[in-house]
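Quick notes on the structure that follows.
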Amino acid sequence: MKISVIGCGYLGAVHAAAMADLGHDVIGIDVDAARVEVLAAGHPPFYEPGLPALLARAGASGRLRFSTDIADAAGASVHFVAVGTPQRSDGNGADLTFLNAAVDALLPHLAPGDLVVGKSTVPVGTAADLLPRIATTGASLAWNPEFLREGHAIADTLIPDRIVYGLVRPADETLLDEVYAGALAADVPKIVTDLATAELVKVAANAFLATKISFINAMAEVAEATGADVTQLADALGHDERIGRRFLGAGLGFGGGCLPKDIRAFMARADELGVDQALGFLGEVDAINNRRRDRLVDVVLEEFGGSVAGRRIAVLGLAFKPDSDDVRDSPALDVAVRLAGLGAEVTATDPQAVQTSLRRHPQLRYATCVGAAVTDAEAVLVLTEWREYRELDPAAVGMLASSKLVVDGRNCLDRDEWVAAGWRYRALGRPAAGPARVAAPALVEA
Ligand code: UGA
């Protein structure tokens with residue numbers, strides 16, 4: 001099948017490569033010439049495990065090409081629209097500029113019988129607004145939300161948990177079944193809905209995930225006030241199959257290019273629809289999430305007697321989550337920047353996200369490895385749970401640091417192991433452990 005993918009960001013690039021891998025003939029289109037150039041050369045412009053190999057395989061098959069010219073979409077029978085829908089700069093709603101521009105640019109190249117398939121995350125009602133414009137060409141519109149997680153994008157695209165088709169023309173189901181024949185043969189559940197329901201499935205899923213994370217982080221606040229341990233609480237709750245342990249990871253909370261902006265856009269849309277009360281709780285979800293960052297900074301301040309000015313602090317982890325170089329709304333990077341803003345001498349590192357962080361915050365000091373970051377540090381903060389940080393040897397880190405204070409921002413370290421190696425251990429939602437800190441004398445300005 002001939003397929004075009006308009007917008008080759010995270011979602012589109014992975015989707016285009018995956019579709020080509022499944023045997024389709026794919027043209028990926030993006031307005032960003034630099035992006036198109038690197039993708040065509042087989043180098044993704046972001047870090048995603050497995051994507052370079054997938055691009056290489058798809059490129060070698062001759063079934064995947066990239067272009068900046070939307071006219072190259074002509075001739076495809078299915079056109080996926082996968083452009084970004086970021087938060088508006090003047091409010092909480094979604095900015096649909098890229099989506100409208102992509103659809104308008106595509107219109108002259110559509111032929112009767114073509115199917116435009118929206119994959120971008122949009123406010124409910126967007127597809128209904130686009131439909132009349134697309135219908136003038138004789139093409140049809142479907143909404144087919146994407147649920148891929150960064151770091152697991154390829155597996156999530158090839159074998160997703162479910163496939164949702166929001167349709168206006170029942171016959172389009174057959175066309176989409178052809179696109180997704182591989183996944184359907186692997187028994188991936190398919191749900192066929194109208195346009196509005198398909199749009200809602202995506203934002204409702206992200207709202208639920210964000211709520212689950214903020215729920216456990218709210219419990220962390222209660223745990224901090226009572227001496228309880230939120231990680232044990234989550235384990236115990238998670239054994240209840242109705243609740244489940246996934247996304248009950250208490251810590252610094254959610255970030256990235258999706259959950260934070262999606263819950264805000266959802267609230268903004270509910271406001272427009274007059275059902276703002278129904279989603280009022282998402283404001284609380286957002287607030288709980290942001291308070292975790294404040295709390296982590298407070299924990300560090302507590303340990304240093306109220307001021308971090310001049311303190312040498314190592315930050316391990318900058319990406320919004322492991323296996324990604326994405327620092328959009330990253331809680332880790334935010335905390336690093338805040339501590340530096342309070343006068344701390346922060347040295348930050350990340351296995352993949354140093355370059356992306358450097359572009360946003362050139363004022364921070366970066367190290368290329370853990371050893372360089374922790375040498376002489378008075379505190380070590382683990383803010384993104386990369387595997388190599390989870391598996392750090394506390395004795396080895398202790399030989400390099402000047403003081404054994406570790407702050408586990410993701411509840412990802414083996415507390416007992418760190419304490420046994422002589423560290424004072426602090427975390428969010430868990431009692432402090434290890435030797436009480438002998439506060440270093442406050443730094444006095446000469
Ligand atoms: C999220 C959804 O999980 C995907 O299904 C969706 O397709 C995607 O958004 C999107 O809308 O495009 P993603 O942003 O890649 O995917 O990351 P998640 O794995 O959902 O993690 C989001 C954030 O929540 C991260 O900052 C992570 O550290 C945090 N998190 C996750 C927690 O704080 N605790 C947890 O227990 C789990």
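Atoms within a ligand are numbered from 1 in the order they appear, just like the ligands themselves.
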So between Thr85, Leu148, Thr121, whose heavy atom ends up nearest atom 8 (C) of ligand 1?
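Checking each option, the heavy atom nearest atom 8 (C) of ligand 1 is found in Leu148.
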
I'd like the name of whichever of Lys212, Glu150, Lys119 reaches closest to atom 15 (O) of ligand 1 through any heavy atom.
Glu150

Evaluate [X] for polar contact with ligand 1, using N/O atom pairs at a separation under 3.5 Å.
X: Ile213; value: no
X: Lys202; value: yes
X: Gly256; value: no
X: Pro331; value: no
X: Leu209; value: no

Anything under 30° is parallel, anything over 60° is perpendicular, the rest tilted; go ahead and classify Phe80 against His15.
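Phe80 and His15: perpendicular rings.
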
Between [X] and [Y], does any side-chain N to carboxylate O distance fall below 4.0 Å?
X: Arg312; Y: Glu345; answer: no
X: Arg264; Y: Asp286; answer: yes
X: Asp323; Y: Arg387; answer: no
X: Lys190; Y: Asp177; answer: yes
X: Asp104; Y: Arg133; answer: yes

[X] and ligand 1 - part of the residue with a heavy-atom distance under 4.0 Å:
X: Asn206; value: side chain
X: Arg410; value: side chain
X: Thr384; value: neither
X: Leu11; value: neither
X: Ile216; value: neither

Answer with yes or no whether the side chains of Asp172 and Tyr165 bring together a donor and an acceptor at under 3.5 Å.
no

Is it the case that the side chains of Asn144 and Tyr180 hold a donor-acceptor pair, with the cut-off being a distance below 3.5 Å and no angle test?
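Judged by distance alone, the side chains do pair up.
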
Glu146 neighbourhood, listing ligand 1 atoms whose heavy-atom distance to it stays under 4.0 Å
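That gives atoms 7 (O) of ligand 1.
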
Around Gln363, counting heavy atoms of other residues, nucleotides and ligands shown, do more than 12 lie under 6.0 Å from its CD?
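More than 12 heavy atoms, drawn from other residues, nucleotides or ligands, come within 6.0 Å of this atom.
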
